[in-house]
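For reference, the structure discussed in these notes is given below.
The chains referred to below are lettered A, B, ... by the order of the sequence lines, with proteins before strands, and numbering in each begins at 1.
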Number of protein chains: 4
Amino acid sequence: MSTRIAKQQPVMRKRPRQARSRATVETILQAGARILSDEGWAGFTTNKVADLAGVSIGSLYQYFPDKLSLVDAIRQRHLDDCLAVMRKSKAKGLPPVQFVTSLVHAMIAAHSIYPGLHRVLLDEAPSSDDYRNPNSAFEIEYLGYYAKAVAIYRNHQPGRTDQTAALIISDAIDGVIHNAARRGMLGNPTVQSELIRLVSLYLEDAGDSAIAQAE
Amino acid sequence: MSTRIAKQQPVMRKRPRQARSRATVETILQAGARILSDEGWAGFTTNKVADLAGVSIGSLYQYFPDKLSLVDAIRQRHLDDCLAVMRKSKAKGLPPVQFVTSLVHAMIAAHSIYPGLHRVLLDEAPSSDDYRNPNSAFEIEYLGYYAKAVAIYRNHQPGRTDQTAALIISDAIDGVIHNAARRGMLGNPTVQSELIRLVSLYLEDAGDSAIAQAE
Amino acid sequence: MSTRIAKQQPVMRKRPRQARSRATVETILQAGARILSDEGWAGFTTNKVADLAGVSIGSLYQYFPDKLSLVDAIRQRHLDDCLAVMRKSKAKGLPPVQFVTSLVHAMIAAHSIYPGLHRVLLDEAPSSDDYRNPNSAFEIEYLGYYAKAVAIYRNHQPGRTDQTAALIISDAIDGVIHNAARRGMLGNPTVQSELIRLVSLYLEDAGDSAIAQAE
Amino acid sequence: MSTRIAKQQPVMRKRPRQARSRATVETILQAGARILSDEGWAGFTTNKVADLAGVSIGSLYQYFPDKLSLVDAIRQRHLDDCLAVMRKSKAKGLPPVQFVTSLVHAMIAAHSIYPGLHRVLLDEAPSSDDYRNPNSAFEIEYLGYYAKAVAIYRNHQPGRTDQTAALIISDAIDGVIHNAARRGMLGNPTVQSELIRLVSLYLEDAGDSAIAQAE
DNA sequence: AATGAATGAGACTTCATTCAT
DNA sequence: CATGAATGAAGTCTCATTCAT
């Protein structure tokens, strides 16, 4: 489950060896994340990133062979951060509401630094990887995490249906957080508690209710 | 609540008078929707639209004074379509599951023609209107619709809390549909029924459960 | 000297035969003059002219095969008007100051309808004719007119030097009127009287003063 | 009078730091002046300028954010040159004819490099500055210079009338030089001496002649 | 004859990328 | 290594002109 993601080659022209280089790369990645978050993929230009990072465009291209490799690096780091956050909220032992609460809070926290970044990285920006393929390391760990929680709370062996439930939960949380961010309501406590309720109710339901049959 | 959405003129440079030109405008709008859906805002170029529409770039600019006015026209049409779809699923009288079912099916249908269009229009593409301002005619009718359903099923007078519930429902559905579309799973019946369950459970819950207190 | 200018074919695709056609051509020419005057050559587009004239672009092209022929027609008419105005101020018999006064007033009047037109036609707009060649019918009559006045007032036979004097007078008047127009001072009476003084002093001077030797 | 003209930054996107780029800017400005002079505002395209300068279009836009800023830079330089030329011909102490002679020669010299440039910059090309406003630094110094000469030669205190006389002189010289340039007669010595005579006679005249009363 | 829809060359401008210093 | 000058393909938009109706 906690498979370390990102075994693939870090797509960098030259691995930074000295401290100064590492700092430069760091600055570039942060500048890139900020611009991606603030201006979206369409406003993300290599020159703007270099400017904001305070390095020359030439330096940027020493570490990232092209624009795609830069955005890939930013995404890789962001997805790693997301997984790290998630791993901290373990389901086992907790009552569902508490689990969901800690999870939602963690997710909201992760979105608060660069509010637009997640969506831009996942929806707008192109990628050389197939990070969003259902079989990618990221998706496997990400959905697997939810599927496991479903299995625990529904009290049965993990199964194929749990995958769908995981999808529903993950995507509903994503939708609410992303739209709340757009509306500037991410900090609103009612939004947070209602989101928690939405997910908890779903998670607590045995899944054998009359609803399925109604279909 | 059912405020008629603002019927502002799609800002066209020239209103088409002959049948031929009305057809041209139609073709351009459809080509634009397809490209927006398939390639996102960054891949949406006026030349590509004209090409796909099979008209010259000059013709496009006869009807739309600039790129923004074209995307505005596409958006206006799309949002109108969304509202029209929604208005067909009336809550009153139906058991919640049936209401949610018809609603979700309608929404999925609306997203199936141009799967990426909705998100691109709402998240990526810039706009001259403030269509996504919480006070815009679109948002008012859209969220008002959900708020009304919440009030009906929770069996009380409409209130401020219902607004938040409406937000949660609308954004959760949005998140699930949009991510399912990206994964190519929009047609998957399990996804559909689970989404319906997620929303129905939330809608049926009185809102006075222990969840809020747990927070 | 008063050779009728414009023997060359009016560059029109089709000579207007009916009253309606003549009216259309007239409207187009006036619309063209106004736009040329107000917006200069760079702002002069055939579509704008057609719009202002209230005819379709197709109709415009029925009378004028291309943009150049339209501007040529406008220029031809304008230069004819200028010559007509000039012919009214005859030098013979009048004291120089009175002659210059009537001439300057006539010139200012001619520039007051479309203040920018003259300069645009002579300086900016391209031409198929060589109307500004020193041997063109227009230049011959225009400068000849001034040369004749010089000969009269300097009281000798017309000669080559008079041509230069004519040039000086015509171009000085042109410069003062055109710049006054740009500054919005065409109506200023002091400007008018000083211009008259400038020209009169020059015209009254025998031409044998010490000035030439000083050079 | 000798108010230093506004030294506003030529609005450049990027100040050239290396010697190479300073040379590039210089080349671009000269190419621009030539094209403006030869082909007028309508023929002045950024691509033509870049071509003639022997640089890529991208280089041009590194230094000038748009077409207007390029023409503004060319104009600023040209007007500065004009003022510099003028400042060299001081009126005091010289007999009028000598003063006018040196002035006219200087002006002709200034127009001889790019004969059409002055007119195009002042009449055709649009501008972001209000350089031609009567209160602009340029106009104030330019006309003030002539007004001062008028006051000296007419032997009285500077006054409001001198402003008009300055206008007349400046605009008459402008008209003669500009039209002579168009006719290719700028080098003609008779034209030069006659222009000098026109201005000298006007400048020497006390201004109390019978002419004003004749009006 | 008149209309106005359609065309496309060409103008302005951006931005990813390379390379001399 | 770092810099930033230079490049040019590609995108937005205009406008003279043609042609079907």
Side-chain angles (χ1 to χ4, degrees), chain A residues 14 16-18 20-21 24 42-51 55-68 70, chain B residues 13-25 42-50 54-68 70, chain C residues 14 16-18 20-21 24 42-51 55-68 70, chain D residues 13-25 42-50 54-68 70:
Chain A
K14 162 192 296 183
R17 297 183 186 277
Q18 303 172 9
R20 181 156 59 119
S21 299
T24 301
F44 179 79
T45 75
T46 51
N47 282 287
K48 246 192 260 179
V49 173
D51 264 16
V55 303
S56 70
I57 182 65
S59 290
L60 189 153
Y61 273 87
Q62 287 218 321
Y63 295 110
F64 302 96
D66 57 22
K67 200 183 178 182
L68 211 50
L70 172 56
Chain B
R13 191 192 287 262
K14 174 193 283 183
R15 177 159 306 281
R17 296 173 193 246
Q18 303 177 4
R20 178 164 53 133
S21 62
R22 241 173 294 123
T24 300
V25 167
F44 179 79
T45 76
T46 51
N47 280 298
K48 258 192 247 175
V49 173
V55 303
S56 71
I57 185 64
S59 288
L60 189 156
Y61 278 92
Q62 290 245 338
Y63 299 106
F64 302 95
D66 55 23
K67 200 183 174 181
L68 212 51
L70 173 56
Chain C
K14 160 192 300 186
R17 297 184 185 275
Q18 304 171 9
R20 181 155 62 116
S21 299
T24 301
F44 178 79
T45 75
T46 51
N47 282 287
K48 248 193 260 180
V49 173
D51 264 15
V55 302
S56 71
I57 184 64
S59 290
L60 188 153
Y61 275 87
Q62 288 218 319
Y63 295 111
F64 302 95
D66 57 22
K67 200 183 176 182
L68 212 50
L70 172 56
Chain D
R13 190 193 288 262
K14 173 192 283 185
R15 177 159 305 282
R17 295 172 192 246
Q18 303 177 3
R20 179 163 54 132
S21 62
R22 242 174 292 122
T24 300
V25 168
F44 179 79
T45 75
T46 51
N47 281 294
K48 257 193 247 176
V49 173
V55 302
S56 72
I57 185 63
S59 287
L60 189 155
Y61 278 91
Q62 290 245 337
Y63 299 107
F64 302 96
D66 55 24
K67 201 183 174 181
L68 211 52
L70 173 55

Under a 4.5 Å cut-off applied to non-hydrogen side-chain atoms, are B:Val25 and B:Phe64 in contact? yes
Side chain to side chain contact (heavy atoms under 4.5 Å, CB included) involving A:Ala50 - partner list, sequence neighbours excluded: A:Val55, A:Ile57, A:Leu60
Indicate for each nucleotide in nucleotides 12-17 of chain E, in 5' to 3' sequence, whether protein heavy atoms under 4.0 Å reach the base (B), only the sugar-phosphate (S), or nothing (-). BBBSBB
D:Leu70 and D:Phe44 have their tightest heavy-atom pair at CD2-CZ, 3.8 Å
Represent DNA chain F in dot-bracket notation, 5' to 3'. Only Watson-Crick or G-U wobble pairs with both distances under 3.5 Å count; pseudoknot-style crossings use [ ] and interstrand partners use |. .||||||||||||||||||||
Please report the distance, rounded to the nearest Å, between [atom1] in [X] and [atom2] in [N].
X: C:Leu60; N: F:dT18; atom1: CG; atom2: P; value: 12 Å
X: C:Asp51; N: F:dC15; atom1: CG; atom2: P; value: 12 Å
X: B:Phe64; N: E:dA6; atom1: CZ; atom2: C1'; value: 15 Å
X: B:Leu70; N: F:dG11; atom1: CG; atom2: C1'; value: 14 Å

Hey, does the side chain of B:Tyr63 come within less than 4.0 Å of E:dG4's phosphate (OP1/OP2), counting only N and O? no
Rounded distance [0.5 Å steps], OH in B:Tyr63 versus OG1 in B:Thr24: 5.5 Å
Considering residues at least two apart in sequence or located in another chain, which fulfil the salt bridge (charged side-chain N to carboxylate O under 4.0 Å, His left out) criterion with C:Lys48? C:Glu39
Name the closest nucleotide to the C:Ser59 side chain, picking from E:dG8, F:dT3, E:dA2. E:dA2
Got a sec, which residues hit side-chain hydrogen bond (donor to acceptor under 3.5 Å, both in side chains) with D:Thr45, two or more places apart in sequence or on another chain? none
With sequence neighbours left out, the residues meeting ring pair (Phe, Tyr, Trp, His ring centres under 6.0 Å) with D:Tyr61 are none
